[in-house]
Amino acid sequence: MSDLHVVLKVADTEYAISAADVLHMESFTGATRVPGTRPYVGGLIQIRGRVVPVVDLRARFGLPTVEPTLDSRVIVVQRGGRTVGLLVDSAREVVNIAADDLRAPPEVMAEESAGFVRAVAKLGKRLVMLVDVGRIIGEEQEHGS
């Protein structure tokens with residue numbers, strides 16, 4: 001059995017999100033900053049008539065932020081009735097990942113990644129980190145935005 005996943009890049013690392021969590025992807029044209037929000041909340045955007053908070057995955061993962069490029073994308077995800085945009089460096093690929101290709105992350109990596117990475121997938125010679133969307137947007141939800 002395999003599931004569809006959207007492959008995205010943050011810095012030089014490839015990550016995957018279950019396609020079941022993804023509503024759509026958009027080019028990033030900027031966000032309206034909101035005072036007092038967590039540093040990784042990039043602001044608010046309007047997509048298809050909805051106002052959606054954006055989480056900058058570079059900042060969320062503790063990486064230096066960069067100016068968005070033409071490749072930057074907002075992946076709009078929905079989990080538990082909550083809709084959030086994830087700002088990534090690029091996202092162009094949808095792949096099938098079989099359950100047999102998933103491995104638990106090494107213990108030291110699981111600790112260091114604050115629980116964001118829930119599995120590592122082998123795609124040919126590539127290693128792709130499966131991220132936990134609920135974990136990424138869950139903490140942001142607790143603190144409000």
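Note: hydrogens, waters and symmetry copies are ignored here, and every other heavy atom, side chains too, is used.
For the side chain to side chain contact (heavy atoms under 4.5 Å, CB included) test with Met25, the passing option among Val88, Val74, Val6 is Val6; the others fail. When each of Val131, Asp21, Ile97 is checked for a side chain to side chain contact (heavy atoms under 4.5 Å, CB included) with His5, only Ile97 meets the rule.
Counting heavy atoms from C-beta on, the side chains of Arg135 and Arg118 never come closer than 4.5 Å. Two residues are said to be in side-chain contact when any heavy atoms from C-beta on lie closer than 4.5 Å; Val84 and Val133 fail this criterion. Side chains of Val7 and Arg126 form a contact here, defined as non-hydrogen atoms less than 4.5 Å apart. At a threshold of 4.5 Å between non-hydrogen side-chain atoms, the residues Ile47 and Leu23 do not count as touching.
When every heavy atom of Gly42 is checked against every heavy atom of Ala31, the shortest pair comes out as O-CB, 3.5 Å. Contact record, Ile45 with Phe28: CG2-CE1, 4.4 Å, taken as the closest heavy-atom pair. Counting all heavy atoms, side chain and backbone alike, Pro105 lies closest to Val120 at CA-CG2, 4.0 Å.
Here the straight-line distance linking atom CG of Asp56 with atom CG of Leu87 works out to 4.5 Å at 0.5 Å rounding. Here CD1 of Ile17 is found 6.5 Å from CG of Leu57. Values are rounded to the nearest 0.5 Å. Of the inter-residue distances, the one linking Glu93 atom CD with Leu8 atom CG reads 10.5 Å to the nearest 0.5 angstrom. Rounding to the nearest 0.5 angstrom, the gap separating the CD1 atom in Ile137 from the CZ atom in Arg79 is 7.0 Å. Distance check: Tyr15 OH to Leu130 CG gives 12.0 Å after rounding to the nearest 0.5 Å. In this structure, CG in Asp71 is found 4.0 Å from CZ in Arg92, a value given to the nearest 0.5 Å.
In terms of hydrophobic clustering, with Ile, Leu, Val, Met, Phe, Trp and Tyr side chains grouped at heavy-atom distances under 4.5 Å, Leu63 and Leu127 are assigned to a common cluster.
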*Could you walk me through whether Leu4 and Asn96 pass the side chain to side chain contact (heavy atoms under 4.5 Å, CB included) test, one step at a time?*
CA-CA 5 Å; Leu4 281 178; Asn96 267 311; 3.6 Å; yes
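Remark: side-chain polar atoms of Asp89 are paired, donor with acceptor, to backbone N or O of Ala11 under 3.5 angstrom. Between the side chain of Arg60 and the backbone N or O of Ile136, at least one donor-acceptor pair lies under 3.5 Å. Put simply, the side chain of Arg58 gets close to the backbone of Pro64: a donor and an acceptor are under 3.5 Å apart.
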